[in-house]
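What follows is a set of notes on a single structure, which appears directly below.
Letters go in sequence order (proteins before strands), and every chain restarts at 1.
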Amino acid sequence: MSKKIQAIRGMNDLLPEQSPLWQYFEQQIQSLMRRYGYLEIRTPILEQTALFARSIGEVTDIVEKEMYTFADRNGDSLTLRPEGTASCVRAAMENGLLHNQTQRLWYQGPMFRHERPQKGRYRQFHQVGIEAFGMEGPDIDAEVILLSARLWKALGLFDHVTLELNSLGSLEARRAYRETLVAYFESHHEVLDEDSRRRLSSNPLRILDSKNPDMAEMLAGAPRLLEHLDEASRVHFARLTELLDAAGIPYRLNPRLVRGLDYYSRTVFEWTTTALGSQGTVCAGGRYDGLVEQLGGKPTPAVGFAMGIERLILLLETLDLVPAETRHGPDAYLLAMGERAEQEALLLGERLRDVLPRLTLQVHCGGGGFKSQIKKADRSGARLALILGEDELDRGTLGLKFLREEREQETLPREAMIERLEELLR
RNA sequence: GUGGAUGUAGCUCAGUGGUAGAGCCCCGGAUUGUGGCUCCGGUGGUCGUGGGUUCGAUCCCCAUCAUCCACCCCA
């Protein structure tokens with residue numbers, strides 16, 4: 001066993017049993033994006049390491065210890081993308097998409113983070129994300145959230161997820177608040193646990209998120225982020241909540257909600273669920289007005305989110321929301337008995353697909369007895385079995401058997417069978 | 001990176017210090033061309049890997065790898 005080559009830890013094969021559900025999800029996404037006027041962008045999964053270091057933040061866990069980074073043959077440091085926003089911004093800038101214009105973009109694909117795998121968290125995982133550039137008002141924040149809410153409704157998830165909302169304020173206000181917070185924490189240094197002391201210098205806002213009950217009291221007395229917002233951010237946030245109220249989207253204000261990536265400012269939000277164990281965040285995003293400039297572009301307001309496809313698929317399965325049509329077999333399964341019939345069946349299959357573009361048809365290959373072939377027809381999930389044996393071959397007919405209904409088997413001439421199938425497909 | 005649990009047939013799992021079992025799946029038969037139900041038969045395993053203890057290890061010990069769950073972090 002140990003001699004066999006296995007997949008990389010935390011990188012999973014998507015098996016045929018699973019792929020129809022993924023395709024269903026991807027179709028929902030494509031339709032959703034089209035309906036909101038978002039256009040897809042595809043970027044390479046490899047980028048220069050500096051792109052992620054400069055955007056995500058040098059001292060974040062992602063950059064410090066979770067990136068797949070290695071040297072190219074010429075010595076350049078390359079990294080498999082750990083998230084989509086940085087690449088998207090880079091590509092948009094590089095191709096002039098942000099020059100005096102707004103953009104609504106979406107992307108989808110694999111991301112890579114070298115973490116310990118667990119339920120809902122893998123080293124290669126997949127995200128769908130959107131990024132809206134060039135719009136600074138809260139209306140676009142609201143649109144981004146409404147778009148995600150529409151997806152939950154389409155998937156039947158809306159009652160199973162909660163929207164958590166917060167504002168981090170402008171970068172300046174956040175920096176000032178950060179200092180206030182660090183001062184507060186330092187005055188309670190004896191209460192801080194080991195993790196929190198470490199974060200004091202790296203990411204003090206994260207300490208607010210601690211689950212340690214011994215720190216609960218101290219945290220409750222900590223200065224509130226929402227009370228330290230700059231005036232413009234306060235107005236922006238108030239307007240966003242008004243818009244969500246008007247649209248009937250419930251949310252929970254969570255002053256402790258801090259996103260892990262450095263580039264966020266003002267609005268941040270998360271859609272969470274309690275049905276997945278500890279990896280409960282299913283979609284997260286917010287505003288990152290400073291990022292484009294930080295990466296060398298002109299100041300450009302931007303807002304977006306990313307959602308984890310594995311987690312959403314897992315959620316659909318856990319809640320038994322997998323649509324029945326993702327489990328369907330082909331419409332028909334064509335059996336062929338004997339060598340002569342094999343050739344006929346192959347050609348007949350082609351003819352049927354020519355004439356009936358909607359038909360999904362599996363032609364039996366590999367021989368075998370009648371019994372075993374019809375058994376395979378059954379196992380394929382097909383509704384109909386088309387039978388081409390010696391008798392049918394001699395008479396130029398075709399048998400039609402209903403595998404899932406109490407109906408008489410039929411025998412028809414080939415051409416008549418085409419019409420019959422057309423009828424049945426309607 | 002830390003902690004815990006688990007590695008036996010393709011899958012789900014029993015099992016014993018004396019060279020391995022069930023159910024499902026797959027193949028064949030009962031039924032010369034008719035699946036699902038039933039019955040009968042069959043294929044399939046270096047018991048994760050390496051070492052140690054022992055006359056003998058799938059079982060006991062150590063190491064290692066992998067998977068799962070949780071922490072950290074995150075989608």
**OP:** Starting at OG1 of A/T267, measure out to CD1 of A/I145 and round the result to the nearest 0.5 Å.
**Re:** 7.0 Å
Subject >> Sugar-phosphate, base or nothing in reach of A/I309, heavy atoms under 4.0 Å >> reply: nothing
Subject >> Stretch residues 360-379 of chain A: residues that reach within less than 4.0 Å of RNA chain B through a heavy atom >> reply: A/F370, A/K371, A/S372, A/I374, A/K375, A/K376, A/D378, A/R379
Original post:
Tell me, which of residues 24-42 of chain A have any heavy atom that sits under 4.0 Å from an atom in RNA chain B?
Top reply: none
Original post:
Between atom CD in A/E406 and atom P in B/rG35, what is the gap in whole Å?
Top reply: 14 Å
Original post:
Quick one: are the ring centres of A/W22 and A/H126 less than 6.0 Å apart?
Top reply: yes
Original post:
A/M337 CE to B/rU34 C1': how many Å, rounded?
Top reply: 10 Å
Subject >> A/E293 CD to A/M93 CE distance, which is reported to the nearest 0.5 Å >> reply: 10.5 Å
**OP:** Using only heavy-atom distances, decide whether a donor-acceptor pair under 3.5 angstrom links the side-chain of A/Q409 to the base of B/rG33.
**Re:** no
Original post:
Rounded to the nearest Å, what distance is computed from the OH atom of residue A/Y263 to the P atom of nucleotide B/rC74?
Top reply: 11 Å
Original post:
About how many Å separate CZ of A/R116 and CZ of A/R123, when rounded to the nearest 0.5 Å?
Top reply: 8.0 Å
**OP:** Enter the distance from A/L46:CG to A/L51:CG here, rounded to the nearest 0.5 Å.
**Re:** 11.5 Å
Subject >> Heavy-atom side-chain proximity of A/L398 to A/L412 below 4.5 angstrom >> reply: no
Original post:
Between the base of B/rC74 and the side chain of A/R311, is there a donor-acceptor distance below 3.5 Å?
Top reply: yes
Original post:
What is the distance from CZ of A/R404 to P of B/rU34, rounded to the nearest Å?
Top reply: 19 Å
Original post:
B/rC74 P sits how many Å from A/E83 CD, rounded?
Top reply: 12 Å
Original post:
Counting only N and O atoms by type, is there a donor-acceptor contact under 3.5 Å from the side chain of A/R266 to the main-chain atoms of A/S167?
Top reply: no
Subject >> Ring center gap for A/H188 and A/Y184 short of 6.0 angstrom >> reply: yes
**OP:** Please work out which residues in residues 105-115 of chain A have a non-hydrogen atom less than 4.0 Å from an atom of RNA chain B and list them by number.
**Re:** A/R113, A/E115
Original post:
A/E310 near the nucleic acid: base, sugar-phosphate alone, or nothing, with a heavy-atom cut-off under 4.0 Å?
Top reply: nothing
Subject >> B/rA5 and B/rA63, which share atom name P, separated by this distance in whole Å >> reply: 14 Å
Original post:
Within a radius of less than 6.0 Å around CD of A/E325, do more than 12 heavy atoms belonging to other residues, nucleotides or ligands occur?
Top reply: yes
Subject >> Pairwise distance CZ(A/F52) to CG(A/L80) - rounded to 0.5 angstrom >> reply: 8.5 Å
Original post:
How about A/T281 and A/W271: does a side-chain donor come under 3.5 Å of a side-chain acceptor?
Top reply: no
Original post:
Can you check the A/Y264 OH to B/rC74 P distance for me, whole Å?
Top reply: 11 Å
**OP:** Evaluate the side-chain proximity of A/L240 to A/Y251: yes if any heavy-atom separation is below 4.5 Å, no if none is.
**Re:** no
Subject >> A/Q124 CD to B/rC74 P, straight-line distance once rounded to whole Å >> reply: 21 Å
Original post:
Can you find a side-chain donor-acceptor pair between A/R54 and A/Q294 that sits under 3.5 Å?
Top reply: no
Subject >> Interatomic spacing from OG1 in A/T69 to CD in A/Q48 - rounded to 0.5 Å >> reply: 12.0 Å
**OP:** Please report, rounded to the nearest Å, how far the P atom of B/rG1 is from the CG atom of A/D61.
**Re:** 14 Å
Original post:
Pairs in or reaching into residues 146-171 of chain A: which pass salt bridge (Lys or Arg N to Asp or Glu O under 4.0 Å), with residues at least two apart or in two chains?
Top reply: A/E164-A/R252
Original post:
Which letters describe nucleotides 64-69 of chain B, given B = protein heavy atom under 4.0 Å from base, S = only from sugar-phosphate, - = neither?
Top reply: ---S-S
Original post:
According to a 3.5 Å limit on both distances, what stems of 3 or more consecutive Watson-Crick or G-U pairs are formed with RNA chain B?
Top reply: B:1-7 with B:65-71, B:10-13 with B:21-24, B:26-30 with B:38-42, B:48-52 with B:60-64
**OP:** Assign A/E17 to base, sugar-phosphate, or nothing according to its heavy-atom contacts below 4.0 angstrom with the strands shown.
**Re:** nothing
